[in-house]
Amino acid sequence: MNHSTQVFPAIPTQLTGQTLVSHAGLSVLTSFLNALDFRSLCEDRFSQFVPASATHRPGKILGALALSLAAGGEQATDIDQLRAAPDLFGPVASDATISRFMGRIKEQPEALSYGFATMTRSLRSKVWTAAGPRNPARLATATNPLIIDIDASLVHVHSEKESSAGTYKGGYGFSPMIAMADYGKAHGTGEVLAVQLRPGNRGANSAKSHIEVLGQALAQLPDDFYDEHGNLVGEKILVRTDNAGSSREFLHHLDSLGIQFSTSYSLPVIKERFVRWIDEKKYWEPALTADGQQRDDAWVIDASKVLELKDYPPGTRIYLRAEPLHPGAKANLFDTDGNRVTAFLTNAPRFNVAFLDARHRARGRCENRIKTLKNAGLGKLPYWSFAANQAWADLAMFAVNLVAWLQLAVLPGGHKASVWDLKRWRYRLFSMAGKIVSGGRQRKFSSQVRPLSLRPTAFLLLPA
């Protein structure tokens, strides 16, 4: 019988005199940034935001802020966690230097937005090319297009900030519109293409906002999505949204660009005989799970010949899905047989009903990506200036993308860490401690890790 009253093992602490570096696992990201030539890209695009004689250049300031956010920082002052390890991260700008840098952004917001957009596009092109056979641009076709998810979210603030406003949930803050690329679990998870910060009272169903953030996202795609004349090859892209993106104006805009779409749709009030037709499941076919297996309690059907769509782009079809009500859910007019009926619209050139439904339902992955983006800095906007907060949102996006690019281009195909969330990277790798050792006229990073077979990310610390 175990008579111990301890909750956790009692291990005594002993001071050894050795100097350890916390967050030494971030060296993976520092090496990745160096390999991408991040410093020169930033110098080319942001040199006007620092004095010519400044010691701390734009690349070091932006890179340090992105590393801090990736490690779990929430404010600009959290960069101190890097400042405490100069042997690993080098000299880090002071809080005052960063404050002055962000202050200059307020004076030239358009210059920073343009520089950041062109810089991330250049980095994305390098990373996707380095991904080889997993390059999302190479894999995109008309039948298996690159998926761009667009969704809005709410960011609450507890003090008055420039352009903040009341939200429909009774809170106060911002309502950013976010565009994300989803290239599936087999090739990593996905990344964020654009974040458009908006006042909190802006609607999630604004066609104008959808069009604007889509334009920013398309500008981030590599040259593989454009022909020799610079025209977008829209058939290689599919835009996926919830019912906030089902406005006719937005769908016609997508159709004009030749882009495929898959958007949730709110069913209109329909006649009683149609409700009875819904109950006849013999006309339906089984839905698929996320792994492609048939379900015996969910069905899908092409209802384009039953439900008339007016003023939508040519080729738009409507599909219905019926599945049991979730626990606690209330039935509505159409849930007559205990099943919830939902709908989505698409113009995709594929007609496998179950496949189209499963692909549309995978839109739920973008909710996880938004959660990660908020945990990386978007959830706490630290500045009063709207331009500075937009720059902070861009930095949060960059921190998330650094890990996504690492998963896409560095990890071997099928590696279990290729689908890890940012929070798991923080606890498994970035928080790892180590020490700097000197020998043979070289300085090396030393860390005590378990065998590589037990620590999936340990190989990332090894030299190439």
Side-chain angles (χ1 to χ4, degrees), residues 113-114 117-118 120-121 124-125 136-152 176-183 190-196 198 202-266 268 302-305 307-319 343-351 355-356 359-360 362-363 366:
S113 296
Y114 177 79
T118 56
T120 52
R121 184 180 189 271
R124 179 171 289 106
S125 298
R138 181 185 299 182
L139 296 173
T141 62
T143 54
N144 290 290
L146 175 71
I147 297 175
I148 297 179
D149 289 306
I150 299 180
D151 202 359
M177 186 73 75
I178 307 165
M180 299 148 282
D182 184 347
Y183 30 76
E191 59 193 74
V192 185
L193 297 175
V195 178
Q196 183 189 62
R198 308 182 304 159
R202 292 288 296 274
N205 59 350
S206 169
K208 179 181 178 182
S209 295
H210 278 81
I211 293 173
E212 289 176 353
V213 77
L214 174 65
Q216 296 174 14
L218 294 179
Q220 287 294 307
L221 298 180
D223 292 337
D224 302 82
F225 288 92
Y226 296 85
D227 61 21
E228 62 274 11
H229 303 293
N231 299 317
L232 179 71
V233 184
E235 64 178 10
K236 297 171 63 176
I237 302 169
L238 181 140
V239 172
R240 189 170 57 187
T241 73
D242 55 12
N243 56 12
S246 62
S247 65
R248 292 175 176 84
E249 180 182 354
F250 180 56
L251 296 185
H252 276 287
H253 176 72
L254 294 175
D255 183 64
S256 68
L257 297 175
I259 295 177
Q260 303 178 44
F261 58 80
S262 179
T263 175
S264 299
Y265 180 71
S266 297
D302 184 349
S304 303
K305 295 182 179 180
L307 278 177
E308 183 181 2
L309 297 173
K310 296 182 179 180
D311 301 326
Y312 281 92
T316 302
R317 307 184 303 279
I318 181 170
Y319 293 89
F344 69 96
L345 306 177
T346 186
N347 65 345
R350 296 186 66 161
F351 297 88
F355 168 82
L356 294 173
R359 182 171 68 179
H360 181 73
R363 199 195 71 84
C366 81

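Listed by chain and number, the residues in a ring-ring contact (aromatic ring centres under 6.0 Å, His included) with Phe250 are His210 (sequence neighbours excluded). For Arg198, the side-chain hydrogen bond (donor to acceptor under 3.5 Å, both in side chains) partners at least two apart in sequence or on another chain are Ser175, Ser209. Annotation: side-chain hydrogen bond (donor to acceptor under 3.5 Å, both in side chains) contacts of Ser256 (sequence neighbours excluded): none.
Partner of Arg363 under the side chain to side chain contact (heavy atoms under 4.5 Å, CB included) criterion, chosen from Asp151, Thr263, Asp182: Asp151.
Atom-to-atom distance recorded for Met180:CE and Leu193:CG is 8.5 Å, nearest 0.5 angstrom. Note: Leu257 CG to Asn231 CG = 10.5 Å, rounded to the nearest 0.5 Å. The structure places CG of Leu345 at 6.0 Å from CG of Leu309, a figure rounded to the nearest 0.5 Å. The distance from atom CD1 of Ile211 to atom CE of Met177, rounded to the nearest 0.5 Å, is 10.5 Å. Taking CG from Asn347 and CG from Leu254, the interatomic distance works out to 8.0 Å, rounded to the nearest 0.5 Å. Summarising the geometry, atom CD1 belonging to Ile150 is positioned 11.5 Å from atom CD belonging to Glu212; distances are rounded to the nearest 0.5 Å.
Between the side chain of Ser304 and the backbone N or O of Ile318 there is at least one donor-acceptor pair closer than 3.5 Å. Using a distance-only test at 3.5 Å, with no hydrogens or angles considered, no donor-acceptor pair links the side chain of Ser206 to the main chain of Gly203. Arg359 places no side-chain N or O within donor-acceptor distance of the main-chain N or O of Ile147, the cut-off being under 3.5 Å. Checked by atom type and distance alone, the side chain of Arg121 pairs as donor or acceptor with a backbone atom of Leu221 at under 3.5 Å.
Around OH of Tyr114, the count of heavy atoms belonging to other residues, nucleotides or ligands within 6.0 Å does not exceed 12.
Between Phe344 and Tyr319, the distance from one ring center to the other falls under 6.0 angstrom.
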_salt bridge (Lys or Arg N to Asp or Glu O under 4.0 Å), that's the test. Do Glu249 and Lys208 meet it? Break it down for me._
CA-CA 9 Å; Glu249 180 182 354; Lys208 179 181 178 182; over 6 Å; no
*Which is it for Leu232 and Leu218 under the side-chain contact (heavy atoms from CB on, under 4.5 Å) test, yes or no, and what are the steps along the way?*
CA-CA 9 Å; Leu232 179 71; Leu218 294 179; 3.8 Å; yes
*Steps toward salt bridge (Lys or Arg N to Asp or Glu O under 4.0 Å) verdict (Asp224, Lys236)*: CA-CA 10 Å; Asp224 302 82; Lys236 297 171 63 176; over 6 Å; no
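Gln196 and Val213 make their closest contact through CB-CG2, 4.3 Å (heavy atoms, listed as atom of the first residue, atom of the second, distance). Ala179 approaches Ala217 most closely through the heavy-atom pair CB-CB, 3.7 Å. When all heavy atoms are compared, the tightest approach of Ala244 to Ala204 is CB-O, 3.3 Å. Heavy atoms only, all atoms of each residue included: Ser262 and Leu238 are closest at CB-CD2, 4.0 Å. When all heavy atoms are compared, the tightest approach of Phe225 to Ala137 is CE1-CB, 3.6 Å. The shortest non-hydrogen separation linking Gly245 to Leu251 is O-CD2, 3.8 Å.
With a 4.5 Å cut-off on side-chain heavy atoms, Val239 and Leu214 count as touching. Counting only heavy atoms from C-beta outward, the side chains of Ser246 and Thr241 never approach each other to under 4.5 Å.
The side-chain tip of Arg240 does not point at the ring of Phe261 from less than 6.0 angstrom away and within 45° of straight on.
His360 and Thr346 are not linked by any side-chain donor-acceptor pair at a separation below 3.5 angstrom, with hydrogens and angles left out of the test. Defined by atom type and a distance below 3.5 Å, a donor-acceptor pair is missing between the side-chain atoms of Asp242 and Ser264. Judged purely by distance below 3.5 Å, without hydrogens or angles, the side chains of Glu235 and Gln260 never pair a donor atom with an acceptor atom.
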